[in-house]
**Student:** 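Dropping the structure in here first, questions after.
Chain identifiers are assigned alphabetically (A, B, ...) following the order of the sequence lines, protein sequences preceding nucleic acid strands; residue numbering begins at 1 within each chain. What you see is a predicted model, and the numbers here were worked out from it, not measured in a lab.
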Amino acid sequence: MLSETREILVIGGGIAGIQASLDLADRGLKVYLVEKSPSIGGRMAQLDKTFPTMDCSMCILAPKMIDCLRHPNITLLSYSEVQEVSGSPGNFKVRILKKPRYIDEEKCTGCGDCAQYCPVEVPNEFDMNLGVRKAIYIPFPQAVPLKYAIDEDHCLKHTLDLCGLCQKMCKAEAIDYDQKPETINLTVGAIIVATGFELFDARKVSEYGYGRHQNVLTSLEFERLLSASGPTGGHLIRPSDGKIPKSVAFIQCVGSRSERGELPYCSSVCCTYATKEAMLAREHNPECEVSIFYIDLRVFGKGFQEFVNRAEEEWGVKYVKGRPGRIIEDPKTKDLVIRYEDAMDGRMKETTVDLVVLCPALIPRQGNERLAEILKIELDEHAFFKAKDSLLEPIDTNLSGIFICGYCQGPKDIPESVAQASGAAARAAETIALITPEGGAKSEGR
Amino acid sequence: MKADEEARIGVFICHCGINIGGIVNVPEVVQYAKTLPNVVHAEDNLYTCSSEGISKIKEGIGKYDLNRVIVASCTPRTHEPLFRSACEEAGVNKYLFEMANIRDQCSWAHMHEPERATEKAKDLVRMAVAKARLLKPQEEPEIDVTPSALIIGGGIAGMTAALCLADQGFKVHIAEKEPELGGMLRHLHKLYPTTRDASEVLNRVVNAVKSNKGIDVLTSTVVKEAKGFIGNFEVTVQKENAETTNLGVGTIVVATGAANFEPVGMFGYKEYDNVITQLELERRLKDGRLERPDRVVMVQCVGSRQETGRTYCSRVCCMTALKNALLIKEVYPDAEVYLLFRDLQTYGKEYEGYYSDARRKFVQFIKYVPERPPEVISKPSGKLIVRTYDTLLDSEIEIDSDLVVLSTPLIQHEDAKELSQILKVPLGPNEFFFEAHVKLRPVDFATDGIYVCGTAHGPKDVAESINQAYAVASRAAVPMAVKKLRTEAITATVNEILCKGCGRCEEVCEYNAINVEEIKSAVGAPALVAKVIEAQCKGCGSCAVACPTGAITMKHFTDRQINAMIEAAIGG
């Protein structure tokens, strides 16, 4: 019994879930890290660089992903979802569904021969659907685990009982079209939830024309265009004609800080990541003119003001205080006319740019409602997980033994997510130590 | 491992499906490898990393009595640990393994030139063999970790970290320089985002700390000296100029908090009685001493977000001002409150609500620009006029006021520099303690075993300080929970005969792992030489580069090994 209670479930394999898992595993506690997609890495894996240090995101993340895979105390359950939880701290019974990859993970070496021959191309979610992947795929080259998965909705074998090329080409004989979902039952002492965020649907702010105007992108789409591993191989070109944009405008608070019923809160990271993306746009093409439309410049983090100063002084990024009212597409050139009220003088103005990047509100994951039901923990009015006490117990939930960290608890940047994830690890370890006396110091040799 | 015996090298060359094999002629490279000195076995594998490939390595070690193993495949970044453990499992020290990257650095890079790629693969294998012949087994020394922590600073961050660590079973000492615990919270009134009293919150936490048997509280106590390394620190503390005490601890947490900037000479502060800081307003509200004002003007960013000097945004001032504006409205509903701001920092999911609440309650918001900042002028009546340029109206406006409240930033304590020198941990550009990595190691210092949390790291509010305090309670617990640490095997070594004791190595070391010490030389005279603290050394090699006499060698990356690779590369 004691050995069972010393195990911890972490839900979500982004940077928060990764950090919590590594802290716990490094101190000798056994961790099950559940990730619903085929690879861990989360949002950070999609980023090109990170503010304010301009570190290459994947370069600093990938070693941690690999640590998770190789750690003897971490069992990585990718492509898996939590289905049922019951019990109490020290003794939670958890049922997990491992979805079929149609690949024998033991045999797959990640060589990619299968995908090379797969004839089916579908939009790549990892590239925000800007590029394509095959029906047998890894989400990105540095995926962990580096195991392919067959997307059964698009695989010809699954949909039409045709093809079967991947099975013929796989020298490792890893393809198994008949693989079944697998149920895994666990008993854990504590649970950490780190499900991250997604983007508010920018189509809902219809005056900006996202979804109608080809050259209006979201910031995460733009991030993939900047990335060397992205759909254009890191060439910053605009979707309508593949031309290098000579002017890019970023628009803050799309759906956030809204007074008309969208999201009332501030997403906390957009002013700084837009600044970063603006600098990168200039780095890609020094001729490109870059401006950021904002309401209040949020520079509250360590080094943020200095970062913005650098963007202005060294990179020539222009900051325009004002919320655009409307974006109009020139039907011929597909250029974009931005109409806005300049908040400094109250005048209506117009400017034409080649590309617009919207910074939509960052919102909790759609699956949070269901997960909250399964775990019996509370959500706040926006569907972020609710802290037991937002002042003194920001990591705890209404149920003891279940903790929250990262963006799913509320807006925060990477270092804040990492710190809170370590914090959640401490709270989980504390729970276990209090249940199993001397537990904290007894972790040696596990 | 019999290290001195003749090297018997086995080379395993991976096809990586078609990633390498589709371009490089792998069988040809295998034949070539067999011709190289000391290579007693070479073979190719479809995937060396598959379980079959790993068994082949282990079998090969037994069958051919290999004492060096080379895998020519992909990148050590992802696969070296796997191959190293295969060697260890078959009884070969893992540092007798070498890897040649013939995929990322060869087949992928030269996809359209298969013949030249094959030649390059041979070059890379030849270089790996040249190094492998000279490899030595290495050990990772084990050190014991004392399961106790010293927390410097007894504010909300330090106390929260202490409670969490103590609950995990570790002994905790708190050294607080003031006569009582509590830090900044002792001076605050209400804490956003709740309406709770700071004193009520503080009492609860202080009582929990005092009643926790695992926590030893030392008040009026400062740190005088620190020696040692992770797991084995010896810290000298002193209580009010009295006797000093030595504490042996495994980890150290810096939670010394921040001070409030005093804006002397700005906006009439200390010149006019009714110009005060938010912190002073907070005290008046707390003590119920705030006389009814007709009109209050609050000015944001006083001494922060400057062009030079304090360039940073202090993060908490906008929320503090909004909270206090609402509190004034609560006590004196007909008092007018004006807030002069640059950019309102009501970030996150809760704080924007304060902003809209304040607007609903008729707090007046006026944006100012730093190029034309507000001015405070005193009238003979004792009342004040605040003059500011309103960009929207494109003109100056004047606001009569009987109380001006300045929002000033949190700043580093004056004695932080001394502490940073004692602990040998750095302060950053704005004098706040500087973490190991801004993104991924927010509460660690580069020196193992020392951590930072709360406002010592930079301005933050109570909830954010608590998040970091819990983070520290995990980071510091990791080494203490495992009790024994394996440290880096690839460390610097000093040839004391060549070392002149110049100290360049000490200057460049980021980890405080090398110090110049006085020793008795071979002839008996005192001499200065560099000493490596192995437990602290990360093997980065900076010292070896800086050393002008070539006295420093990196284990596993010796000059001889590197030269052998270069010779193999150019010698063909």
**Student:** Look up atom CG in B:Leu322 and atom OH in B:Tyr355, then write down how far apart they are to the nearest 0.5 Å.
**Tutor:** 8.5 Å
**Student:** In terms of heavy-atom contacts, does CZ of B:Phe341 have more than 12 from other residues, nucleotides or ligands at under 6.0 Å?
**Tutor:** yes
**Student:** Using a distance-only test with no angle check, is there a side-chain donor-acceptor pair under 3.5 angstrom linking A:Tyr319 and A:Thr275?
**Tutor:** yes
**Student:** Please examine the side chains of B:Val452 and B:Phe433, heavy atoms only from C-beta on, and report whether any two atoms are closer than 4.5 Å.
**Tutor:** yes
**Student:** Which region of A:Glu306, side chain (C-beta onward) or backbone (N, CA, C, O), has a non-hydrogen atom less than 4.5 Å from a non-hydrogen atom of chain B, or is it both or neither?
**Tutor:** side chain
**Student:** Do the non-hydrogen side-chain atoms of A:Pro264 and B:Glu352 ever get within less than 4.5 Å of each other?
**Tutor:** no
**Student:** Which one wins on heavy-atom pair count under 4.5 Å against chain A: B:Arg204, B:Glu435, B:His457?
**Tutor:** B:His457
**Student:** Given a strict heavy-atom distance threshold of 4.5 Å, which part of B:Leu392 is in contact with chain A: side chain, backbone, both, or neither?
**Tutor:** both
**Student:** Regarding B:Tyr389 and B:Asp394, is there a side-chain donor-to-acceptor distance under 3.5 Å anywhere?
**Tutor:** yes
**Student:** Classify the side-chain pair B:Tyr470/A:Asp396 by whether it contains a donor and acceptor separated by less than 3.5 Å.
**Tutor:** no
**Student:** Any idea which of A:Glu416, A:Lys412, A:Gln19 has the most non-hydrogen atom pairs under 4.5 angstrom with chain B?
**Tutor:** A:Glu416
**Student:** Pick one of side chain, backbone, both or neither for A:Lys64, based on which atoms fall under 4.5 Å of a heavy atom in chain B.
**Tutor:** side chain
**Student:** Which residue out of A:Ile295, A:Leu69, A:Val418 racks up the most heavy-atom pairs below 4.5 Å with chain B?
**Tutor:** A:Val418
**Student:** Parallel, tilted or perpendicular, judged at 30° and 60°: which one describes the rings of A:Phe384 and A:His382?
**Tutor:** perpendicular
**Student:** Is B:His15 in contact with chain A via its backbone, its side chain, both, or neither, using a 4.5 Å heavy-atom distance?
**Tutor:** neither
**Student:** Could you look at B:Thr311 and say if it's the side chain, the backbone, both or neither that has a heavy atom under 4.5 Å from chain A?
**Tutor:** both
**Student:** Count the heavy-atom pairs under 4.5 Å between each of A:Glu106, A:Lys107, A:Arg70, A:Lys171 and chain B, then report the option with the highest count.
**Tutor:** A:Arg70
**Student:** Which one of A:Leu61, A:Asp389, A:Leu263, A:Val144 has the most heavy-atom pairs closer than 4.5 Å to chain B?
**Tutor:** A:Asp389
**Student:** Let's test your reading of the structure: which of A:Asp345, A:Asp26, A:Ile60, A:Leu297 forms the most heavy-atom pairs below 4.5 Å with chain B?
**Tutor:** A:Leu297
**Student:** Is there a side-chain contact between B:Ser73 and B:Arg103 (heavy atoms, below 4.5 Å)?
**Tutor:** no
**Student:** Between B:Lys367, B:Gln468, B:Glu52, which has the largest tally of heavy atom pairs under 4.5 Å with chain A?
**Tutor:** B:Lys367
**Student:** Looking only at side-chain N and O atoms, does B:His437 offer a donor or acceptor that is under 3.5 Å from a partner on A:Asp55?
**Tutor:** yes
**Student:** So B:Leu163 and B:Val205, do their side chains get closer than 4.5 Å, heavy atoms only?
**Tutor:** yes
**Student:** So what's closer than 4.5 Å to chain A heavy atoms on B:Leu165: side chain, backbone, both or neither?
**Tutor:** neither
**Student:** Is there side-chain contact between B:Leu344 and B:Met319, with heavy atoms separated by less than 4.5 Å?
**Tutor:** no
**Student:** Below 4.5 Å from any heavy atom of chain A, which atoms of B:Asp167 appear? Answer side chain, backbone, both or neither.
**Tutor:** both
**Student:** Picking from A:Arg298, A:Gln305, A:Glu430, which has the most non-hydrogen pairs under 4.5 angstrom with chain B?
**Tutor:** A:Arg298
**Student:** What part of A:Asp23 lies closer than 4.5 angstrom to a heavy atom of chain B: side chain, backbone, both or neither?
**Tutor:** both
**Student:** Could you verify whether a donor N or O on one side chain and an acceptor N or O on the other, from B:Gln168 and A:Arg427, lie under 3.5 Å apart?
**Tutor:** no
**Student:** Counting heavy-atom pairs under 4.5 Å to chain A, which of B:Pro193, B:Pro442, B:Gly53, B:Gly17 comes out on top?
**Tutor:** B:Pro442
**Student:** What part of A:Ile15 gets closer than 4.5 Å to chain B, counting heavy atoms only: side chain, backbone, both or neither?
**Tutor:** side chain
**Student:** Heavy-atom pairs under 4.5 Å with chain A are the metric here; pick the option from B:Asp461, B:Val443, B:Leu46 that has the most.
**Tutor:** B:Leu46
**Student:** A:Ile66 versus chain B, heavy atoms under 4.5 Å apart: side chain, backbone, both or neither?
**Tutor:** side chain
**Student:** Quick one: what part of A:Phe51 sits under 4.5 Å from any heavy atom of chain B, side chain, backbone, both or neither?
**Tutor:** both
**Student:** At a heavy-atom separation under 4.5 Å, does B:Val472 approach chain A through its side chain, its backbone, both, or neither?
**Tutor:** neither
**Student:** If I measure from the heavy atoms of chain A, does B:Glu307 come under 4.5 Å with its side chain, its backbone, both, or neither?
**Tutor:** neither
**Student:** Please state whether the side chain, the backbone, both or neither of B:Ser85 comes within less than 4.5 Å of a heavy atom of chain A.
**Tutor:** side chain
**Student:** For A:Met65, is it the side chain, the backbone, both or neither that has a heavy atom under 4.5 Å from a heavy atom of chain B?
**Tutor:** neither
**Student:** Please state whether the side chain, the backbone, both or neither of A:Ala343 comes within less than 4.5 Å of a heavy atom of chain B.
**Tutor:** backbone
**Student:** Check each atom of B:Tyr47 against the heavy atoms of chain A and say whether the ones under 4.5 Å are side chain, backbone, both or neither.
**Tutor:** side chain
**Student:** Do the rings of A:Phe197 and A:Tyr407 sit parallel, tilted or perpendicular, given the 30° and 60° boundaries?
**Tutor:** tilted
**Student:** Within the side chain of B:Asn19, is there an N or O that forms a donor-acceptor pair under 3.5 Å with the backbone of A:Cys111?
**Tutor:** yes
**Student:** By a 4.5 Å heavy-atom criterion (distance strictly below it), what part of A:Thr53 contacts chain B: side chain, backbone, both, or neither?
**Tutor:** side chain
**Student:** Apply salt bridge (charged side-chain N to carboxylate O under 4.0 Å, His left out) to B:Asp144 and B:Lys484, showing your working.
**Tutor:** CA-CA 5 Å; B:Asp144 291 324; B:Lys484 282 185 193 299; 2.6 Å; yes
**Student:** Please classify the contact between A:Gln409 and chain B as side chain, backbone, both or neither, with a heavy-atom cut-off of under 4.5 Å.
**Tutor:** backbone
**Student:** At a 4.5 Å cut-off on heavy atoms, which part of B:Asp390 comes close to chain A: side chain, backbone, both, or neither?
**Tutor:** neither
**Student:** Can you list the steps and then say if A:Arg257 with A:Tyr265 is a side chain to side chain contact (heavy atoms under 4.5 Å, CB included)?
**Tutor:** CA-CA 5 Å; A:Arg257 298 191 72 192; A:Tyr265 61 85; over 6 Å; no
